[in-house]
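None of the values given here were measured: they were computed from a predicted structure.
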Amino acid sequence: MVFLKVEMSLNVLISPSQLSPQGLLLRKAVIVRLLEDIANRKASKDHGYYIAVSELKAISEGKVRELTGDVLFPVTFTCITQKPMKGEVLVGSVDKILKHGVFLKSGPIESIFLSEKTMSDYKYIGGENAVFMNENSKLEKDTIVRFKVMGFRWMEADRQFQLLATLAGDYLGPL
């Protein structure tokens, strides 16, 4: 996956109980809340998966919300993100095997589908521990696989990408 360094701005909300006259404690509360907010966001369509906050650029002056007493701090920071790209080669592990294909996981991406149509020389063998086999190898649960990304789409409701993969190509398949 492509790693990107992105400059972002986010409003961080701090409750009155976390406010302190000491600047360092307030700064710590803002940073902790920023990290929590980024972890909860998980990913975005434009940036991909949020991996880490790499630099805190600025914490602007807070604005008090009159009804709750919470303070809203505009924060500017840089973030390392990871975004899938069509045509790139990734490594993942087999998560689930179905008659029509295999679901893989790779890093933060939990929904990668490898269709049986893109594995022309593999045959499905059903049963309690279903597998796809060819004359040289087999795909079973937890098998490590090198695959190529054919396409992807953003799923807003799940805040994640779904990938379509293939094993067609040189050096692709179980490792």
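Every salt bridge (Lys or Arg N to Asp or Glu O under 4.0 Å) that Glu156 has, sequence neighbours left out, goes to Arg159.
Atom-to-atom distance recorded for Glu61:CD and Ile59:CD1 is 12.5 Å, nearest 0.5 angstrom. To the nearest 0.5 Å, atom OG1 of residue Thr78 and atom CD of residue Glu55 are 4.5 Å apart. Distance check: Leu172 CG to Thr166 OG1 gives 7.5 Å after rounding to the nearest 0.5 Å. Summarising the geometry, atom CD belonging to Gln160 is positioned 11.0 Å from atom CZ belonging to Arg153; distances are rounded to the nearest 0.5 Å. Rounding to the nearest 0.5 Å gives a distance of 7.5 Å between OG of Ser137 and CG of Asp121. Distance check: Leu34 CG to Ile14 CD1 gives 9.5 Å after rounding to the nearest 0.5 Å.
Of the charged side-chain nitrogens involved, at least one lies within less than 4.0 Å of a carboxylate oxygen, so that Asp37 and Arg33 count as a salt-bridged pair.
Of all heavy-atom pairs spanning Tyr50 and Cys79, the tightest one is CD2-SG, 3.8 Å. Shortest non-hydrogen contact noted between Ala165 and Thr118 is O-OG1, 3.5 Å. In terms of heavy atoms, Gly87 sits closest to Lys148 at O-CE, 3.6 Å. The nearest pair of heavy atoms linking Met8 to Ile38 is CE-CD1, 4.5 Å.
With a 4.5 Å cut-off on side-chain heavy atoms, Glu7 and Thr76 count as touching. At least one side-chain heavy atom of Val89 sits under 4.5 Å from a side-chain heavy atom of Arg146. Side-chain contact between Lys63 and Pro74 is present, with at least one heavy-atom pair separated by less than 4.5 Å. Inter-residue side-chain proximity for Val6 and Asp46 is flagged as unmet; no heavy-atom pair is nearer than 4.5 Å. At a threshold of 4.5 Å between non-hydrogen side-chain atoms, the residues Val102 and Val145 do not count as touching. Contact check for Asn129 versus Lys141: no side-chain heavy atoms found under the 4.5 Å cut-off.
Counting only distance, with no hydrogens or angles, the side chain of Ser54 and the backbone of Ile80 share no donor-acceptor pair below 3.5 Å. At least one donor-acceptor pair under 3.5 Å links the side chain of Thr81 to the backbone N or O of His47. Of the possible donor and acceptor atoms, none in the side chain of Lys138 sits under 3.5 Å from a partner among the backbone N and O of Phe132.
Annotation: side chain to side chain donor-acceptor pair (under 3.5 Å) contacts involving residues 97-113, sequence neighbours excluded, are absent. Evaluation of the ring-ring contact (aromatic ring centres under 6.0 Å, His included) test over residues 144-169, restricted to residues two or more places apart or in two chains, returns Tyr49-Phe161, Phe152-Phe161, Trp154-Phe161.
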Take Leu90 and Ile112 through the test side chain to side chain contact (heavy atoms under 4.5 Å, CB included) and record every step on the way to the result.
CA-CA 11 Å; Leu90 299 174; Ile112 304 165; 5.6 Å; no

